[in-house]
Amino acid sequence: MKQLEMADTLLDWYDRHARDLPWRVSPQDRKAGISPDPYQIWMSEIMLQQTTVAAVKSYFERFTALWPTVTALANAEDERVLGEWAGLGYYARARNLLKCARVIRDEHGGVFPKTREGLLSLPGVGPYTAAAIASIAFDLPETVVDGNVERVTSRLFRLETPLPAAKPELTALAQTLTPNERPGDYAQAIMDLGATICSPKSPACGICPWMAFCAACKVGDQARFPLKTPKKPKPTRHGHAYVARTTRGEWVLETRPEKGLLGGMLGWPGTDWREAHPKAAPFEGAWIEVGEVRHTFTHFHLILTVHRADQVEGALEVYALRGQNAFRASDLPTVMRKAFDLAHSTFTTDPVASDANQEA
DNA sequence: GAGCCGTGGCT
DNA sequence: TAGCCAAGGCT
């Protein structure tokens, strides 16, 4: 069977070239009987959804140091976890991370389910992540189909169907390649292959362990794959954000609604983000316009006009007021941190703000 | 199926 | 500069 030969070839390559990652048990260690911690595999897979390895590493180290077990994470405060997630993006992942940890604690005795179906029922765990945990953590022969596997498989078979419609075909093809031996290492191997050899732009076919099996490589048109349906252009939206400090030196923030963009995260009060952008200060203050922040989200560009005011006072109970020692800019999603950085630079350089600081 | 949901690095 | 891309899931 060619499939068995392909799996053996890839696993041999993986034994020599596996990436060293914080959440990974090396093929050598795995052969020595060391198993991955399902909690760590789950954590890494959630963080890696649509996110680069480089971006994830420091977050993974911090989360697992802060919360070494799923029960410890389940017992953490929402605000603390969301604050630590700030900057990583796709914040529904952090909310589902907590939901999932509490389901594991309350309904599964603190232990992860050991089947693909059981894992699939967990919040934030879809087809890819369920297969990834089942294979990597429990060494079950489940097939992972992420962007890497889609690219590798579409090139292997020169699949002319464009994504995302091609997903079912690619899944079926990838399943025919998944071996019953070392399925956990195989899953990581095929993703490593996609990440390091079978890359999107200029794949290194000359050193690919699967060169002899690859239809696209034979023809030489590997860069055509995978085919993709065209994306819609991003519109540009505008808005205003208001960065204020009270007479007592507290920052005036708000917790955003649970659902929608930046759901559950801290942010500065402001207008909606739409095509038009009328100013509308949320409360009284000596507002000064300090500039613009440009930021691109998944489906639109944002131009955010930033205002700031010092020494505000009045009925601010509806806001989340944070004193200096209770506020970390790193707890803010990136667009809000950009607005803070811009406004904060004017607080410290503006003569009026400086005078106010001396009095305080 | 298609829209929504972040961010940073690379070309 | 602007677009593409990254170990996707939810509605």
Side-chain angles (χ1 to χ4, degrees), chain A residues 19 21-24 36 40-60 82 85-97 99-100 119-137 142-152 162-168 171 174 184 186-196 198-202 223 226 228-237 256-265 267 273 293-302 332-338:
Chain A
R19 286 180 291 175
L21 303 172
W23 47 86
R24 175 171 287 178
Q40 294 199 10
I41 298 304
W42 164 72
M43 177 76 73
S44 68
E45 291 300 342
I46 301 299
M47 288 183 168
L48 285 163
Q49 289 170 5
Q50 297 291 288
T51 309
T52 58
V53 166
V56 164
K57 280 183 178 172
S58 65
Y59 282 84
F60 175 84
L82 289 182
W85 195 277
L88 199 54
Y90 283 137
Y91 298 99
R93 292 185 296 172
R95 287 178 267 131
N96 283 330
L97 189 81
K99 276 187 199 164
C100 181
L119 291 161
L120 203 46
S121 71
L122 299 169
V125 176
Y128 163 75
T129 304
I133 299 171
S135 60
I136 298 171
E142 301 291 352
T143 301
V144 294
V145 184
D146 70 334
N148 290 307
V149 176
E150 289 175 353
R151 187 170 56 255
V152 169
L163 284 168
K167 184 71 177 268
T171 299
Y186 176 85
Q188 295 175 91
I190 192 170
M191 291 191 284
D192 272 22
L193 185 72
T196 64
C198 196
S199 53
K201 296 293 182 182
S202 48
K228 296 193 175 183
T229 55
K231 295 177 180 178
K232 288 187 177 179
K234 295 184 203 297
T236 298
R237 298 185 191 172
R256 298 176 59 86
E258 276 293 308
K259 297 195 173 185
L261 195 67
L262 310 179
M265 300 298 290
W273 299 340
V293 162
R294 288 166 189 273
H295 192 77
T296 298
F297 293 98
T298 309
H299 53 294
F300 65 94
H301 302 288
L302 175 66
L332 300 174
T334 297
V335 65
M336 297 298 176
R337 187 184 50 72
K338 286 183 183 176

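By convention in this document, chain letters (A, B, ...) are assigned in the order of the sequence lines, proteins followed by strands, and residues within each chain are numbered from 1. In this text the structure is predicted, and so the values were computed from the model without any measurement.
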When the nearest nucleotide of DNA chain B is assigned to K232(A) and to Q50(A) on a heavy-atom basis, which residue is associated with the more 5' position? K232(A)

For E142(A), check side chain to side chain contact (heavy atoms under 4.5 Å, CB included) against everything at least two apart and list the hits. R116(A), A131(A), A134(A), L140(A)

Tell me what [X] touches on the nucleic acid: a base, only sugar-phosphate, or nothing, going by heavy atoms under 4.0 Å.
X       : result
P164(A) : nothing
I190(A) : nothing
T334(A) : sugar-phosphate
W23(A)  : base
G194(A) : nothing
G263(A) : nothing

Which ranges of DNA chain C pair up as stems, where a stem means three or more consecutive Watson-Crick or G-U pairs with both distances under 3.5 Å? B:2-5 with C:8-11, B:7-11 with C:2-6

Side chains of Q49(A) and Y128(A): any donor to acceptor distance under 3.5 Å? no

Indicate whether the side chain of R24(A) and that of Q188(A) have a donor and an acceptor atom separated by less than 3.5 Å. yes

Between the main-chain N or O of [Y] and the side-chain N or O of [X], is there a donor-acceptor pair closer than 3.5 Å?
X       : Y       : value
R93(A)  : G124(A) : no
Y59(A)  : A86(A)  : yes
R337(A) : G87(A)  : no

Steps toward side chain to side chain contact (heavy atoms under 4.5 Å, CB included) verdict (R256(A), M336(A)): CA-CA 12 Å; R256(A) 298 176 59 86; M336(A) 297 298 176; 3.7 Å; yes

Measure the distance from [atom1] on [X] to [atom2] on [N] and round it to the nearest whole Å.
X       : N       : atom1 : atom2 : answer
Q49(A)  : dA7(C)  : CD    : P     : 12 Å
R294(A) : dT1(C)  : CZ    : C1'   : 12 Å
Y128(A) : dC10(C) : OH    : C1'   : 18 Å
L120(A) : dG9(C)  : CG    : P     : 9 Å
L21(A)  : dA7(C)  : CG    : C1'   : 10 Å
L88(A)  : dG9(C)  : CG    : P     : 15 Å

Please report the C-alpha distance between E45(A) and I41(A) in whole Å, then the side-chain angles of each, then the deciding distance to 0.1 Å, and finally whether the side chain to side chain contact (heavy atoms under 4.5 Å, CB included) criterion is met. CA-CA 6 Å; E45(A) 291 300 342; I41(A) 298 304; 4.2 Å; yes

Where along residues 40-48 of chain A does a heavy atom come under 4.0 Å from DNA chain C, residue by residue in number order? E45(A), L48(A)

Are H295(A) and F297(A) close enough that their ring centres sit under 6.0 Å apart? yes

Quick one: list whatever passes side chain to side chain donor-acceptor pair (under 3.5 Å) with R95(A), sequence neighbours left out. none

First and last nt of DNA chain B near chain A, cut-off under 4.0 Å to heavy atoms, 5' to 3', are dG1(B) to dG8(B)

Rounded at 0.5 Å granularity, tell me how far CH2 in W42(A) sits from OG1 in T129(A). 11.0 Å

[Y] side chain reached by [X] side chain, heavy atoms, under 4.5 Å:
X       : Y       : answer
L48(A)  : W23(A)  : yes
D146(A) : V149(A) : yes
V144(A) : I136(A) : no
E150(A) : K167(A) : yes

Quick test: give all pairs of protein nitrogen or oxygen and nucleotides 2-5 of chain C nitrogen or oxygen below 3.5 Å, distance rounded to 0.1 Å.
none

When rounded to the nearest Å, what value does the distance between P atoms of dG3(B) and dA7(C) take? 23 Å

Roughly how far apart, to the nearest Å, are dA6(C) and dG6(B) at atom C1'? 12 Å

